[in-house]
Amino acid sequence: MPELPEVEAVAARLRPLVQGVRIVSCGQFRPTTAKGADSAIGRVVERIDRRGKHILVRLDGGVFLRVHLKMTGNLTVIPDARLRASTVRAWFEFEDGRAMVLDDPRALGRVSFHHDGEEAELFSELGPEPFCAEFTFEHLLRRMRLSRKPVKPFLMDQRAVAGLGNIYAAEALFEARIDPRREARRISCGRISRLHGAIVGILRSALDSALRAYSEPGGFTEGENFPSAVYGREGEPCLACGRAVKRIAQAGRSTYFCSACQR
DNA sequence: TCGATCCTGTAG
DNA sequence: CTACAGGATCGA
C-alpha cells in the first residue's frame with residue numbers, strides 16, 4: 001500500500017497520538033519483525049519523522065525506531081494494547097494502556113532500533129526527499145546519466161530520489177510522456193526536466209489526497225486515493241489518446257503505460 | 001542487473 | 001489451482 005504520500009499520511013496521523021507517551025512493553029510476531037525492540041522499553045516518544053518510505057519514531061536518549069511498512073503494513077495506535085488484531089506483527093504498549101502497532105497481514109513490514117549516530121549510514125544510499133531543495137532537475141539529470149537501467153526501475157530504486165514506488169513511478173512517467181523501458185541515461189534533458197516536474201507534481205497531489213483520506217472519520221479509505229491515469233488500467237483507454245493501456249513486467253513488477261503517448 | 005526470496009491474501 | 005500484490009534485499 002504505501003509509497004511516500006501514504007507513509008507521510010500514516011506519520012501525520014500518528015504524531016498527535018504518541019508524542020510524549022512512554023513505552024512500557026513490547027512484543028513481536030517473529031524475532032526478525034522488530035529487531036532490538038526491547039531497547040525501546042521505558043523510553044518516551046519525542047517525535048515522528050519520515051525519511052523516504054521509512055517512519056522514524058524518535059525516542060528520548062538519542063535513539064529511534066525505524067519502521068518500514070513494505071507492501072501492506074500500517075502503523076497505528078489502538079486504544080487497548082490487549083485487543084490486538086491477529087495481523088499485528090509488532091506492538092509497543094504505552095503507560096496509558098494504548099499501543100502503537102505495526103499491523104501487516106503480509107508480515108513483510110519491519111521495525112528496527114537504532115542510535116542517532118547510525119542514521120547517516122542507515123540512509124547513506126537513500127536519495128533526497130522529493131519536496132526538498134536538494135532534489136533539483138540537475139540532481140536528477142546527473143543520476144540519470146549514470147544509470148543503464150530502464151527509467152522505471154531506476155526511479156523505484158530509491159537512490160536518485162526517495163519515496164517513489166510502483167504506482168507513482170508509472171504515473172510520473174505517463175505525465176512526462178516517457179517510455180518506462182527507456183534507459184535512464186539515454187533520455188534527453190527536456191524529458192528529464194518534464195520528469196522532474198512530474199515526480200514532484202504527482203507526489204504532491206497524491207500526498208494531498210492521502211492526507212485528506214486519512215483525516216476523514218472513516219480513517220484510511222484505500223483506493224479512494226489518487227485516481228490513476230495508467231496504474232492498474234491495463235486494457236482501458238489512455239486518458240490522453242484513447243488507446244489501450246499496456247502492462248509489461250520490469251524487474252519483476254508490473255509496469256503500466258501508454259505505448260502511443262510514452263516514447 | 002536479474003531472479004529468487006520474504007509473507008499472506010485475494011482475484012481469476 | 002496460478003498469478004499477482006503501492007517493497008526491498010540478497011546472491012549469482
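Quick note on labels: first sequence line is chain A, next is B, and so on, each numbered from 1.
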Engineer: Report the distance from atom OH of A:Tyr168 to atom P of C:dG7, rounded to the nearest whole Å.
Structural biologist: 10 Å

Engineer: Does B:dG12 pair with anything, Watson-Crick or G-U wobble, both distances under 3.5 Å, and if so, with which nucleotide?
Structural biologist: C:dC1

Engineer: What distance, rounded to whole Å, do you find between the two P atoms, one in C:dT2 and one in B:dA4?
Structural biologist: 16 Å

Engineer: Round to the nearest Å and state the distance from A:Lys152 atom NZ to C:dG7 atom C1'.
Structural biologist: 12 Å

Engineer: Heavy atoms from C-beta onward define the side chain here; which of B:dT8, C:dA5, C:dA8 lies closest to that of A:Gln158?
Structural biologist: C:dA8

Engineer: Please report the distance separating the P of C:dC4 from the corresponding atom of B:dG3, rounded so that it comes out in whole Å.
Structural biologist: 14 Å

Engineer: Does A:Ser254 place a side-chain N or O at less than 4.0 Å from the phosphate oxygens OP1/OP2 of C:dA5?
Structural biologist: yes

Engineer: Is the ring pair A:Phe135/A:His196 parallel, tilted or perpendicular, if the boundaries are 30 and 60 degrees?
Structural biologist: tilted

Engineer: Round to the nearest Å and state the distance from A:Leu155 atom CG to C:dA8 atom C1'.
Structural biologist: 16 Å

Engineer: Does B:dC7 have OP1 or OP2 under 4.0 Å away from a side-chain N or O of A:Lys70?
Structural biologist: no

Engineer: Could you check how far CG of A:Leu126 sits from C1' of C:dT9, rounded to whole Å?
Structural biologist: 15 Å

Engineer: Taking atom C1' of C:dA8 as reference, at what distance in whole Å does atom NE2 of A:His54 sit?
Structural biologist: 9 Å

Engineer: What integer distance in Å separates A:Arg66:CZ from C:dA8:C1'?
Structural biologist: 11 Å

Engineer: When you check the phosphate oxygens OP1 and OP2 of C:dC4, does a side-chain N or O of A:Arg247 lie under 4.0 Å from one of them?
Structural biologist: yes

Engineer: At under 4.0 Å, does any side-chain N or O of A:His68 touch on OP1 or OP2 of C:dG7?
Structural biologist: no

Engineer: Using the rule that two of Ile, Leu, Val, Met, Phe, Trp, Tyr join whenever any of their side-chain heavy atoms come within less than 4.5 Å, decide whether A:Val111 and A:Leu122 are in one cluster.
Structural biologist: no

Engineer: Which whole-number value in Å describes the distance from A:Leu122 CG to C:dA8 P?
Structural biologist: 13 Å

Engineer: Checking contacts here: which listed nucleotide (C:dG7, B:dT8, C:dC4) is nearest the side-chain heavy atoms of A:Glu3?
Structural biologist: C:dG7

Engineer: Under 4.0 angstrom, heavy atoms only, what part of the nucleic acid is A:Gly252 near: base, sugar-phosphate, or nothing?
Structural biologist: nothing

Engineer: Grab the NZ-C1' distance between A:Lys53 and C:dT9 for me, whole Å please.
Structural biologist: 13 Å

Engineer: Nearest to the side chain of A:Lys149, which nucleotide is it out of B:dT1, C:dG7, C:dA5?
Structural biologist: B:dT1

Engineer: Using atom P in both nucleotides, what's the gap between B:dT10 and C:dA8 to the nearest angstrom?
Structural biologist: 23 Å

Engineer: Out of C:dA5, C:dG7, B:dT8, which nucleotide sits closest to the side chain of A:Asn166?
Structural biologist: C:dG7

Engineer: When you measure from the centre of the six-membered ring of A:Phe131, is the NZ or CZ of A:Arg204 closer than 6.0 Å and no more than 45° off the axis?
Structural biologist: yes

Engineer: Taking the side chain of A:Arg30 as its heavy atoms from C-beta onward, which of B:dT8, B:dT1, C:dG7 lies nearest to it?
Structural biologist: B:dT8

Engineer: Is A:Arg159 touching bases, backbone alone, or none of the nucleic acid, heavy atoms closer than 4.0 Å?
Structural biologist: nothing

Engineer: Could you give the distance separating B:dG9 and C:dT9 at their C1' atoms, to the nearest angstrom?
Structural biologist: 23 Å

Engineer: Output yes when at least one side-chain N/O atom of A:Arg253 is less than 4.0 Å from OP1 or OP2 of C:dG7, else no.
Structural biologist: yes

Engineer: I'd like to know if A:Arg98 and A:Asp80 make a salt bridge, using a cut-off of under 4.0 Å between side-chain N and carboxylate O.
Structural biologist: no

Engineer: So, do A:Arg22 and A:Phe94 sit near enough that their side-chain heavy atoms are less than 4.5 Å apart?
Structural biologist: no

Engineer: Using a strict threshold of under 4.0 Å (side-chain N to carboxylate O), is an ion pair present between A:Arg50 and A:Glu129?
Structural biologist: yes

